[in-house]
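Have a look at the structure below, then the notes.
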Amino acid sequence: MSHGLNSAQSEAVRYLDGPCLVLAGAGSGKTRVITQKIAHLIEDKGFEPRHIAAVTFTNKAAKEMQERIGKLMEGKTTREGKRIPLRQLTVCTFHSLGVQILRMEAEHVGLKPQFSIMDSDDCFGLIQEQLGTTDKKLIRGVQSTISLWKNGMVDPEAAIAQAAVSGNADEHQAALVYRNYVATLNAYQAVDFDDLIRLPAELFARNEAVQLKWQNRLRYFLVDEYQDTNACQYQLLKLLAGGSHLRAPAFTAVGDDDQAIYGWRGATLDNLRGLQTDFPDLKVIKLEQNYRSTVRILEAANAVIANNPKLFDKKLWSEHGMGDPIAIHPMNDEEHEAESVVFRLSAHKFERRAQFRDYAILYRGNHQARLFEQILRRERIPYVLSGGQSFFDKAEIKDICAYLRLIANPDDDPAFIRAITTPRRGVGNTTLEVLGTFAGQAKVSLFEAAMMGGIEGKLQPRQLEPLRVFCESMVRLADRAAKDPATEVLDDLMAGIHYEAYLYDSFDERQAQSRWTNTLEFLEWLKRKGTKPEAAEGEEATGYDNADGFGSEGKNLLELTQTVALMSMLEGREEDPDAVRLSTLHASKGLEYPHVFLVGVEEGILPHCREDDDMTDEKIEEERRLMYVGITRAQRSLQISWCKKRKRARETYSCQPSRFIGEMKLEEAPAPKDETPAMSPKDRLGALKALLGGPGKTAAG
DNA sequence: GAAAATAGCTTTTTT
DNA sequence: AGCTATTTTC
């Protein structure tokens, strides 16, 4: 049987008698448990892969899980000696699962199957229009309020009522925008990311036949990072896997309450609490053996998190040695900190004969990376910056996506506006305003309005002409999108809009070139997706088998378009340069590094707080978990630094070390004294470089 | 008066 | 690094 598992892991893998919660401490092998459990279900329990779903939060996590299952099951066969159809396994994000459900059940939620998915920029635009302001702070505030309402399953009427009770004017305004926003999305036959979870959940709650159909299809559920679920996601899980009068609950949730750091986007630990009350016979299994860090690091982590109220009692332990003492470095200011960290990193690497990739510098806010980047670059130390905005957020990709969305769904007004104005084709604001008014009165989409009789009278022929030309070409493309191979239709689309010329017209050489390269890369990727008969090993396997309309070979453009919004191009470019990692604490979750520098650990930064908002206990607790996540990223060594002073605007502020440093309860002697101002940090770097015999490699990124 | 340059400021991030 | 607000310059 599954060997190489400790007893708790093995119990978690084998327990199938009811709902199961696995509390997996940092570095305790949670992915291992999930993948082994899937293997166990298939190999030992005779589950068909198509009846199992493993749900994650990110594409990256889904992909990783997929690869690990693939490796685990390699060459294995069913009891009957047949190949295991792993492709039919559902391993995907919550959102991807939601889309699959919605595409199939669209009619039940008042959508056509080709509904569009609005990204957060589109939604931002909608709210901006509703609000009639350009104040980005305000718009973003309303956007996040609406998102929190949606994820909390509060509908617009409830939000309005709630606001009326509280008497909060801002909240009332947001609630009114919320109502219009929902109506607008509906008119566009579009959904936002939150709807992808909310709508299926609501559908299952009110339509038992559909619910049973999906319960029958997905018979066992595994949820990764359960502590990050929001109310909607929990609802969806309960409705699918929580059992019914026909069936017992069948799921395993894997998570760690101590690593819940996404409260600010709607995740709630209530879901962890709720699990025990909603499922009284819940089996709780704790994974407390850590395979990652030294004893000193774990003890510090345990000591910090002990200050949070406990949901479940849990204490990590390790069979590794004590390891190096944890060093605390007080620094004069942020420059001193950056210089010192880079110096210590270089020296440490030299002493340990380690590689750059063994090091990570972790911080609370993105902007903190700036100084470190500067100095790493100066010292020619290679580094990679985690995160960065995704490929799909780039304007050029969104431009092309707008065309695809419009082809699939002519009601998608935002896509219509973006496509018809990029590149410019003689349709300007005045034309669009007239069209918009007309469409509003006729209660039709912009596209439909442009093609309708009656608009002729409102527009001059030279305004109407390009409008009609555009629409007709879109109609032609849409026609072909449903039948012709995606590759051909894409080529024709691109030829028709002269996108490359537009880029070189509107941007300088460098910009245009980079944008065009991205565009081509995106097109290539689309075409691969469109022509590849069945995704290759380790690729997107979110699909079901052919009978259900997903995962069939040679998708046409229409089918492709419908999945694009959620996809990310994780494949291929898996280069792993030997470079120091710079990452926010949030982005570092789930990763591990031999040597970690945790920087800027000061009051106000690590328990982050802004001047005008008061720090509730809950906020401090989430910050503490963030500290816990940071500490537990380290395998062998951990160095923490904080600045006595920090520059802001023209002034320097003095700072206090974070309360979390004290909470680590370090008994060791304080850090090796680094305060030797006989040599400036810069000189020391120079000395070190001389010692190492020349500069390192060039910086990456 | 409008465009260009510069100074200041950042919570965290995914789908 | 990117975005906004403000100042500088023509």
Side-chain angles (χ1 to χ4, degrees), chain A residues 55-63 92-100 102 117-123 134-137 140-141 143-144 147-148 150-151 191-199 224-225 228-230 232-233 236 259-267 334 362-374 377 383 385-395 401 542 563-568 570 582-590 600 602 604-613 615 619-620 622-627 629-630 646-651 653 701:
Chain A
V55 188
T56 64
F57 277 88
T58 63
N59 286 313
K60 191 170 154 223
K63 198 197 168 203
C92 65
T93 62
F94 263 105
H95 291 85
S96 174
L97 176 66
V99 176
Q100 290 173 46
L102 280 184
I117 300 170
M118 300 274 181
D119 64 40
S120 29
D121 278 3
D122 295 313
C123 299
T134 52
D135 181 350
K136 293 200 172 178
K137 276 243 169 69
R140 236 178 313 171
Q143 190 176 17
S144 100
S147 177
L148 289 175
K150 281 197 170 198
N151 288 326
V191 300
D192 61 20
F193 285 131
D194 300 327
D195 288 334
L196 296 177
I197 318 289
R198 190 185 57 103
L199 291 174
D224 190 24
E225 304 281 11
D228 290 336
T229 52
N230 62 39
C232 273
Q233 285 155 341
L236 188 62
Q259 292 186 72
I261 54 176
Y262 286 107
W264 50 274
R265 62 179 200 209
E334 56 258 70
L362 306 181
Y363 37 82
R364 174 69 232 259
N366 265 318
H367 63 279
Q368 289 173 268
R370 216 189 95 250
L371 260 179
F372 288 95
E373 273 189 274
Q374 226 170 67
R377 245 198 318 260
Y383 68 89
L385 204 55
S386 87
Q389 94 276 50
S390 115
F391 195 77
F392 282 80
D393 284 339
K394 294 178 193 290
C401 283
T542 58
T563 41
V564 162
L566 289 183
M567 296 201 271
S568 73
L570 289 164
L582 293 184
S583 172
T584 62
L585 287 165
H586 283 91
S588 75
K589 190 163 79 145
E602 295 138 44
I605 292 188
L606 193 33
H608 185 272
C609 87
R610 284 195 334 202
E611 277 163 33
D612 51 341
D613 64 13
M615 289 310 277
K619 279 185 185 156
I620 290 289
E622 182 151 319
E623 297 293 313
R624 188 175 281 116
R625 283 181 231 123
L626 212 41
M627 178 76 178
V629 166
R646 218 167 251 279
K647 280 193 278 286
R648 230 182 71 188
R650 294 258 142 194
E651 287 160 296
Y653 290 86

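Quick note: numbers below take in every heavy atom, side chains included, and nothing from hydrogens, waters or symmetry partners. Throughout, a chain's letter reflects where its sequence line sits, starting with A, and its residues are numbered from 1.
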Separation of [N] [atom2] from [X] [atom1] (nearest whole Å):
| X | N | atom1 | atom2 | result |
| --- | --- | --- | --- | --- |
| A:Leu585 | B:dT13 | CG | C1' | 13 Å |
| A:His367 | B:dA7 | NE2 | P | 20 Å |
| A:Gln233 | B:dT14 | CD | P | 15 Å |
| A:Lys589 | B:dT14 | NZ | C1' | 12 Å |
| A:Tyr653 | B:dC9 | OH | C1' | 12 Å |
| A:Glu334 | B:dT10 | CD | P | 13 Å |
| A:Asn151 | B:dT13 | CG | P | 18 Å |
| A:Arg370 | B:dT11 | CZ | P | 15 Å |

Taking only the side-chain nitrogens and oxygens of [X], find out if one of them lies under 4.0 Å from OP1 or OP2 of [N].
| X | N | value |
| --- | --- | --- |
| A:Thr584 | B:dT11 | no |
| A:Asn366 | C:dA1 | no |
| A:Lys136 | C:dC3 | no |

Counting side-chain heavy atoms from C-beta on, which of [options] comes nearest to [X]?
| X | options | result |
| --- | --- | --- |
| A:Asn59 | B:dT11, B:dT15, B:dT13 | B:dT15 |
| A:Arg364 | B:dT11, C:dA1, B:dT13 | B:dT11 |
| A:His586 | B:dT15, B:dT13, B:dT11 | B:dT13 |
| A:Arg265 | B:dT15, C:dA1, B:dT13 | B:dT13 |

- Task: Return one dot-bracket line describing DNA chain B 5' to 3' (Watson-Crick or G-U wobble pairs, both distances under 3.5 Å; ( ) same strand, [ ] crossing, | another strand, . none).
- Result: ||||||||||.....
- Are the ring of A:Phe94 and the six-membered base ring of B:dT15 within the stacking cut-offs of under 5.5 Å and under 30°? no
Residue pair [X] / [Y]: nearest heavy atoms and the distance that separates them:
| X | Y | answer |
| --- | --- | --- |
| A:Glu334 | A:Arg646 | OE1-CA, 3.2 Å |
| A:Ala369 | A:Tyr363 | CB-OH, 3.4 Å |
| A:Leu585 | A:Val629 | O-CG1, 4.1 Å |

- Please lay out, stage by stage, how A:Glu622 and A:Arg625 fare under the test salt bridge (Lys or Arg N to Asp or Glu O under 4.0 Å). CA-CA 5 Å; A:Glu622 182 151 319; A:Arg625 283 181 231 123; 3.7 Å; yes
- Spacing of A:Arg265 atom CZ and A:Leu148 atom CG [to the nearest 0.5 Å]: 11.5 Å
- Query: Got a second to check how far A:Leu196's CG is from A:Leu236's CG, nearest 0.5 Å?
  - Reply: 11.0 Å
- Task: Check the angle between the aromatic planes of A:Tyr262 and A:His586 and answer parallel, tilted or perpendicular using the 30° and 60° thresholds.
- Result: tilted
- Task: On DNA chain B, check which nucleotide each of A:Glu622 and A:His95 is closest to and give me the residue with the more 5' one.
- Result: A:Glu622
